[in-house]
Protein chains: 2
Amino acid sequence: MIKEEIRESISAKGLKVTPQRVAIMEAIITLHNHPTAENVAEYIKTNFPHIAVGTIYKVLDTFVEHNLLKKVKTDSGIMRYDEVISNHHHLYCTETERIEDYEDDTLTDLIHNHFKNKKIKNFKIEDIKLQITGKFETAG
Amino acid sequence: MIKEEIRESISAKGLKVTPQRVAIMEAIITLHNHPTAENVAEYIKTNFPHIAVGTIYKVLDTFVEHNLLKKVKTDSGIMRYDEVISNHHHLYCTETERIEDYEDDTLTDLIHNHFKNKKIKNFKIEDIKLQITGKFETAG
DNA sequence: TCCACAAGCGAGAATCATTCTCCTTTAATA
DNA sequence: TATTAAAGGAGAATGATTCTCGCTTGTGGA
């Protein structure tokens with residue numbers, strides 16, 4: 001996504017387009033592997049040496065509220081941020097802190113079909129995500 | 001689970017059976033809706049007014065390490081603890097912080113079968129959990 | 001039953017991600 | 001360009017969790 005697209009996506013939500021916001025969105029897109037607020041801070045500090053961590057958290061939360069980003073929770077309790085992509089699941093590595101996206105429409109459909117026939121009592125499903133834990137294998 | 005069973009399950013893992021550990025395990029079982037460390041602390045303080053929070057965290061972590069409990073992460077980043085039950089998924093309420101267990105063997109089988117035929121590249125699956133988010137409906 | 005001692009506990013300080021406060025700056029719009 | 005509500009900066013505050021360290025206790029053997 002080019003800078004102008006970022007500006008537009010922020011503006012489209014009725015939010016002020018500030019250099020900090022653009023830079024933070026750029027950072028998330030560039031880092032793209034579910035960075036933490038700290039990762040974003042580090043990345044951004046080159047161009048914005050004076051940006052406050054509070055600002056980064058505020059901007060990230062604003063983006064999450066306006067559906068420009070998603071928050072992903074990790075086992076250690078540190079939050080990570082993720083571009084909004086349609087229907088994807090997550091692979092969690094048990095050895096490293098790595099998280100990867102996993103798209104599998106067949107599987108998603110399978111699950112959704114299952115719930116077309118079988119309702120959960122007293123519960124209205126809004127979203128279903130798989131947490132697949134395991135190990136990444138180094139090629140070789 | 002009766003107190004003696006708790007003592008045995010702790011002992012079976014080669015851990016010392018202390019009144020605090022028994023009480024903490026009892027608390028988790030009695031509270032049973034994925035209590036936080038704080039919930040456990042409150043519950044226990046009646047009988048153990050001097051128990052230290054650090055102790056509770058230590059004991060909970062020890063139990064998790066020895067597979068007597070599971071840790072569940074929440075969106076707010078607070079950890080919750082859960083009895084070890086075979087293959088269950090979680091329902092997360094978007095309005096309250098409530099988490100409920102959801103067992104559905106048909107669904108679990110469906111997913112496992114899917115992955116029998118379709119491997120994920122460079123990833124060895126160890127466990128698959130569904131995170132189903134939505135709203136609990138009040139009966140009426 | 002009693003001892004020795006490693007494992008466990010208590011108290012409270014330390015850590016660290018995240019949030020809050022308050023004051024200054026800035027983007028948007030007329 | 002002036003107005004003003006929204007946004008950012010700095011750093012203190014918060015709060016869950018972890019750590020430290022000296023004291024206590026469960027356990028296994030004598």
Side-chain angles (χ1 to χ4, degrees), chain A residues 3-4 6-27 34-45 47-66 68-69 71-81 97, chain B residues 3-4 6-25 27-28 34-45 47-66 68-69 71-81 97:
Chain A
K3 199 172 278 193
E4 194 46 44
I6 294 176
R7 303 180 63 85
E8 270 169 36
S9 69
I10 295 172
S11 179
K13 298 288 182 178
L15 298 171
K16 281 192 189 173
V17 179
T18 67
Q20 291 91 336
R21 284 180 171 174
V22 175
I24 288 169
M25 185 60 89
E26 266 189 310
H34 313 82
T36 61
E38 209 198 328
N39 296 150
V40 173
E42 269 173 41
Y43 183 88
I44 283 200
K45 286 258 165 90
N47 296 316
F48 291 84
H50 293 297
I51 197 165
V53 284
T55 300
I56 293 171
Y57 280 100
K58 242 182 304 181
V59 170
L60 289 171
D61 279 353
T62 306
F63 285 170
V64 170
E65 264 171 42
H66 288 82
L68 291 167
L69 294 177
K71 237 182 186 172
V72 185
K73 48 195 183 305
T74 68
D75 277 317
S76 61
I78 299 173
M79 297 302 177
R80 291 165 171 240
Y81 298 84
E97 290 282 280
Chain B
K3 199 172 278 195
E4 195 47 43
I6 294 176
R7 303 180 63 84
E8 270 169 37
S9 68
I10 295 172
S11 180
K13 298 288 181 178
L15 298 170
K16 280 192 187 173
V17 179
T18 68
Q20 291 91 336
R21 285 180 171 174
V22 175
I24 287 170
M25 185 60 89
I28 295 279
H34 313 84
T36 61
E38 208 197 328
N39 296 149
V40 173
E42 269 172 42
Y43 184 88
I44 283 199
K45 287 258 165 90
N47 296 316
F48 292 83
H50 293 296
I51 196 165
V53 283
T55 301
I56 293 173
Y57 280 101
K58 243 182 304 182
V59 170
L60 289 172
D61 279 352
T62 305
F63 286 170
V64 170
E65 263 171 45
H66 288 82
L68 291 167
L69 294 177
K71 236 182 187 173
V72 185
K73 50 194 180 308
T74 67
D75 277 317
S76 60
I78 299 172
M79 297 301 176
R80 291 164 170 243
Y81 297 84
E97 291 282 279

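Just so it is clear, the values below take in all heavy atoms, side chains as well, and ignore hydrogens, waters and symmetry mates. Since the structure is predicted, the reported quantities are computational estimates derived from the model, not experimental observations. First the proteins, then the strands, lettered A, B, ... as listed; each starts at 1.
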pair Ile24(B)-Tyr43(B): side-chain heavy atoms closer than 4.5 Å
no
Rounded to whole Å, the CD-C1' distance (Glu38(A) to dC16(C)) equals 10 Å
Rounded to whole angstrom units, what separation is found between the CG atom of Leu60(A) and the P atom of dT19(C)?
10 Å
Side chain to side chain contact (heavy atoms under 4.5 Å, CB included), paired with Tyr81(A), selected from Asn39(A), Leu68(A), Asp61(A)
Asp61(A)
By nearest atom, which of the nucleotides dA11(C), dT19(C), dG8(C) is closest to the Arg21(B) side chain?
dG8(C)
Donor-acceptor contact present, side-chain Lys13(A) to main-chain His66(A), <3.5 Å
yes
Between Gly14(A) and Gly54(B), who's closer to the 5' end of DNA chain D by nearest nucleotide?
Gly14(A)
Protein-nucleotide distance (Ile78(A), atom CD1; dA16(D), atom P), rounded to Å
17 Å
Looking at dG8(D), dT18(D), dT17(D), which one has an atom nearest to any side-chain atom of Asp61(B)?
dT18(D)
From CG of Asn47(B) across to C1' of dG10(C) the rounded distance in Å is 17 Å
Would you kindly give the CZ-to-C1' distance between Arg7(B) and dT25(D), to the nearest whole Å?
13 Å
Heavy-atom nearest pair, Ile56(B) first then Ala37(B), reads CG2-O, 4.0 Å
Proximity to the side chain of Lys16(B) - top-ranked nucleotide from dT18(C), dA6(C), dT20(D):
dA6(C)
Looking only at side-chain N and O atoms, does Tyr57(A) come under 4.0 Å of OP1 or OP2 in dT19(C)?
no
Please tell me if Gln20(A) has a side-chain N or O lying less than 4.0 Å from either OP1 or OP2 of dT26(C).
no
Check every strand shown and say whether Thr18(A) touches a base, only sugar-phosphate, or nothing at a heavy-atom separation below 4.0 Å.
sugar-phosphate
Sugar-phosphate, base or nothing in reach of Pro19(B), heavy atoms under 4.0 Å:
sugar-phosphate
Rounded to whole Å, the CD-P distance (Glu42(B) to dA16(D)) equals 11 Å
Report the distance from atom CD of Glu65(A) to atom NZ of Lys58(A), rounding to the nearest 0.5 Å.
12.5 Å
Between C1' on dG8(D) and NE2 on His50(A), what's the gap in Å once rounded to a whole number?
13 Å
Between Ile56(A) (CD1) and dG9(D) (P), how many Å, whole number?
9 Å
